[in-house]
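Each remark here refers to the structure printed beneath this line.
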Amino acid sequence: MQKIKISPSLLACDFLHLEDEVRRAEEAGADMLHCDVMDGVYVPNISFGFDIISKIGRITRLPLDVHMMTVCPEKYLEVLKEAGAYYVTVHSDYSDGETVRNTVRRIKELGMKAGISLKPARPAADIFDMAEMADMILVMTVEPGFGGQKFMADMMPKVREIREFISSRGLRCDIQVDGGIGTSTISEAAEAGANVFVVGTGAFRADDMKEAVKTLRNTAKKASGSMMGGKNKIK
Ligand code: DX5
Ligand code: ZN
């Protein structure tokens, strides 16, 4: 069974107190820190960039999980490496397949972990010829661009399809879900085969973040355990 990991999304944090918020995530038991980079072109919103990520990298030992929602992520890979990114995830449709594959290859050459993300409209098949190179497949469970949106349960068949694809080929790829994850939605996603959970609002805006992360982790563990005997068994 692949390890359950919780990746709090800084998009939902209080940016006036960024360092305290990073500490809060550490103390809550986060496995990594999700950093959403948005350029206002690939998605209709702008978030934060590499200077901020680099500053975060300097004050934390948590792996930085960078989600690139930009048109030319390949331009920034060296800068991301320098900033201390651990995962760099790019979207399957930001360019043609060949370009996306080259970007994934370059991320790996630079010694970072590569993720490929699917927007709600993109099918599982987008990643079939790249899954072997990827460390993580991200299935978006909201339209990328904003935090605090409603979880799209209709993405679960896609998560299942990808988990089956990965298992049938003996790949050891993480499946991440991002958007609307909270205590009431995480079990559905874990049951479908996801094992890495991005949580923005559900973590940073919870009354008690530590308690929230603990509940999320336990709920996901239980749900993924319940599929152990099923055909979607997580390896
Ligand atoms: C949305 C971002 C998410 C966002 C999730 O485009 O990719 O990472 O922060 O936020 P919640 O958990 O609030 O849906
Ligand atoms: Zn994200």
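Only heavy atoms go into these numbers, but all of them, side chains included; no hydrogens, no water, no symmetry mates. Just so you know, ligand 1 is whichever comes first in the structure, and atom 1 is the first atom listed for that ligand.
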Q: Kindly indicate whether a cation-pi arrangement holds for Arg169 with Phe165, taking the cut-offs as under 6.0 Å to the six-membered ring centre and within 45° of the axis.
A: yes
Q) Nearest heavy-atom pair of Val142 and Pro120: which atoms, and what distance? A) O-CG, 3.4 Å
Q | Contact summary for Val100 and Ser92, nearest pair of heavy atoms | A | CG2-O, 3.5 Å
Q) Passes side-chain hydrogen bond (donor to acceptor under 3.5 Å, both in side chains), Thr99 versus Tyr94? Steps please. A) CA-CA 9 Å; Thr99 308; Tyr94 92 79; 5.9 Å; no
Q.
Would a single hydrophobic cluster contain both Ile116 and Leu138, if residues Ile, Leu, Val, Met, Phe, Trp and Tyr are joined by side-chain heavy-atom contacts under 4.5 Å?
A. no
Q: Spell out the protein N/O/S atoms under 2.8 Å from the Zn ion (ligand 2) as residue plus atom name.
A: His34 NE2, Asp36 OD1, His67 ND1, Asp178 OD2
Give a table of atom pairs where an N or O of ligand 1 lies under 3.5 Å from a protein N or O.
residue  : atom   : partner : partner atom : Å
ligand 1 : 6 (O)  : Gly145  : N            : 2.7
ligand 1 : 7 (O)  : Asp36   : OD1          : 3.0
ligand 1 : 7 (O)  : His67   : ND1          : 3.3
ligand 1 : 7 (O)  : Asp178  : OD2          : 2.8
ligand 1 : 8 (O)  : His34   : NE2          : 3.3
ligand 1 : 8 (O)  : Asp36   : OD1          : 3.2
ligand 1 : 8 (O)  : Asp36   : OD2          : 2.8
ligand 1 : 8 (O)  : Asp178  : OD1          : 2.7
ligand 1 : 8 (O)  : Asp178  : OD2          : 3.0
ligand 1 : 9 (O)  : Ser9    : OG           : 2.8
ligand 1 : 9 (O)  : Asp36   : OD2          : 3.2
ligand 1 : 12 (O) : Gly200  : N            : 2.8
ligand 1 : 13 (O) : Gly148  : N            : 2.9
ligand 1 : 13 (O) : Thr201  : N            : 3.0
ligand 1 : 13 (O) : Thr201  : OG1          : 2.5
ligand 1 : 14 (O) : Gly180  : N            : 2.8

Q: Is it possible for you to check whether Lys55 lies under 6.0 Å from the centre of the six-membered ring of Phe50, through NZ or CZ, and within 45° of that ring's axis?
A: no
Q.
Quick check for you: to the nearest 0.5 Å, what is the distance between Asp93 atom CG and His91 atom NE2?
A. 7.5 Å
Q) Under the criterion side chain to side chain contact (heavy atoms under 4.5 Å, CB included), which of Lys113, Met136, Met112, Lys108 is the partner of Val88? A) Met112
Q: Compare every heavy atom of Pro144 with every heavy atom of Val43, then report the nearest pair and how far apart it is.
A: CG1-O, 3.6 Å
